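Shown next, in structure tokens, is the structure this report addresses.
In what follows, chains are A, B, ... by sequence order, proteins preceding strands, each numbered from 1. Note that this is a predicted model, so its numbers are computed, not measured.
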2 protein chains.
Amino acid sequence: MDREHQPTRRRGAALEEAILRAAADELVESGYPGLTMDRVARRAGTNKNALYRRWPNRAALGVAAYRRLADARTRVPDTGTLRGDVLALLRQVNCDLSAPHGEILRGLLSSIGDEPELLAQLHEQIGDGGAEPWRAILERAVARGEARPGALRPRVITVALVLLRNEYVTRGIATVPDDVLVEITDEVYLPLVRAESNPR
Amino acid sequence: MDREHQPTRRRGAALEEAILRAAADELVESGYPGLTMDRVARRAGTNKNALYRRWPNRAALGVAAYRRLADARTRVPDTGTLRGDVLALLRQVNCDLSAPHGEILRGLLSSIGDEPELLAQLHEQIGDGGAEPWRAILERAVARGEARPGALRPRVITVALVLLRNEYVTRGIATVPDDVLVEITDEVYLPLVRAESNPR
DNA sequence: CCGTGTAAGGTACTCGGCGTACCTTATTGG
DNA sequence: CCAATAAGGTACGCCGAGTACCTTACACGG
């Protein structure tokens, strides 16, 4: 922050790190609208030139900073039952992907618009990146006979995640109430993947 | 500049109409980022004052204009089978809610941010507004024995719509390919609502 | 028919944020 | 030790949101 009378100028990776940290902090504190190039530069103790030498525009920097935020990998729960695993995953996502992540994501998605490359990066982060844990718990459930093998399709295993994300996007609320998670689990996900021969 | 030597000034509802039409046209042509107060004012043959006297900010005008665009009601199909009805509804939504509607919606959703009143208006438009046709086709399917009565829950009947909307939001593409619609229908919606006694 | 309140038109601002240009200064590696 | 490279500093230009203030037409009641 306070530069000493020793200039000791950061370069390369060190400076990039500092910029990304500053940008991520701004995202958390003020959301994407608060991520201005001037503020990030000031917070990182540098200036806009260093930013524009690395990212072509604000959206690119925003996506890069968001990636660092969302890189906290999701742990795969193992409660012994499919219902317990689904609820645990949903609650986990709801917890650490709630505010301000949802709002940040909304802001990023819109301001990208016509830059498919950035959208692809985001999609990798939120779309397929989050799918693996769901496949894992569903495979275990199939092995236990709790779910039908035919449910192991990409579009099926992520249904709960998509429904939860839909709550964020359309409702715009900070944290989804827990009974919504239960509804998603009991009304949609479990009936969908359950083996036909296995009544409720 | 002398426009006409007949000033014939529009007032009240007539002017409001003209502004909304201009705003909706801008939305269709250039998306939400292109909806500039200056441009709308110029296109409507008026100036920004008339706009700000009616809507407090750009987002409010954007939502109002979008409502007028999206007010084309969805027709309820009746093909005789649930699968046919579901696909028909999905295709209809995909057709007239595709580009540029999806992009506009994305832009609006993000830029609203902290104004819950506007978000509520949008939600009324896209969330529950679109649910009725789905309830209608599912009720008929239940009457025919194609679906279980227990599927008549709000979160269930709109699953297909939510999945389709998810494609728009996360993929950011103009029009969803038809095989995605078929996948949503055959892998998710039909297995979910089908009567348990009705094997695939 | 006229006068007056209301609403529209016109214009010119301020403010903030993006992106750029250009120069100076430090660091690094050959 | 000396270029080449990259960082810092500063000042722009541009555009769009929102505001202020005045002028001008319209509509309606007396």
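In this structure, the ring-ring contact (aromatic ring centres under 6.0 Å, His included) partners of A:Trp134, at least two apart in sequence or on a different chain, are A:Tyr189. Evaluation of the side-chain hydrogen bond (donor to acceptor under 3.5 Å, both in side chains) rule for B:Arg53 yields no partner, not counting sequence neighbours. Judged as a side-chain hydrogen bond (donor to acceptor under 3.5 Å, both in side chains), and not counting sequence neighbours, the contacts of A:Glu17 are A:Arg68. Scanning for salt bridge (Lys or Arg N to Asp or Glu O under 4.0 Å) contacts around B:Glu26 gives B:Arg39, B:Arg43, with sequence neighbours left out. In this view, A:Arg21 satisfies the side-chain hydrogen bond (donor to acceptor under 3.5 Å, both in side chains) rule with no residue, not counting sequence neighbours. By the side-chain hydrogen bond (donor to acceptor under 3.5 Å, both in side chains) test, A:Arg144 is found to be paired with A:Glu146, residues two or more places apart in sequence or in another chain being considered. For A:Arg140, the salt bridge (Lys or Arg N to Asp or Glu O under 4.0 Å) partners two or more places apart in sequence, or in a different chain, are A:Asp78, A:Asp85.
The closest side-chain heavy-atom distance from A:Arg91 to A:Val176 is not below 4.5 Å.
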Got a list of protein N/O to nucleotides 5-7 of chain D N/O distances below 3.5 Å?
| unit_1 | atom_1 | unit_2 | atom_2 | d |
| --- | --- | --- | --- | --- |
| D:dT5 | O2 | A:Arg11 | NH2 | 3.4 |
| D:dA6 | O4' | A:Arg11 | NH2 | 2.8 |
| D:dA7 | OP1 | A:Gly12 | N | 3.0 |
| D:dA7 | OP1 | A:Arg54 | NH2 | 2.6 |
| D:dA7 | N7 | A:Arg53 | NH2 | 3.4 |
| D:dA7 | N3 | A:Arg9 | NH1 | 3.3 |

Could you go through nucleotides 18-20 of chain D and list every protein N or O atom that sits under 3.5 Å from one of its N or O atoms, giving the distance for each pair?
| unit_1 | atom_1 | unit_2 | atom_2 | d |
| --- | --- | --- | --- | --- |
| D:dG18 | OP2 | B:Tyr52 | OH | 3.2 |
| D:dG18 | OP2 | B:Arg58 | N | 3.0 |
| D:dG18 | N7 | B:Lys48 | NZ | 2.7 |
| D:dG18 | O6 | B:Lys48 | NZ | 2.7 |
| D:dA20 | N6 | B:Asn49 | OD1 | 3.0 |

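In this structure, B:Leu61 atom CG and D:dG16 atom P are separated by 15 Å, rounded to whole Å. Atom CH2 in B:Trp55 sits about 15 Å away from atom P in D:dA17, given to the nearest Å.
Within the nucleic acid shown, A:Leu35 comes within 4.0 Å of sugar-phosphate atoms alone, with no base atom in reach, counting heavy atoms only.
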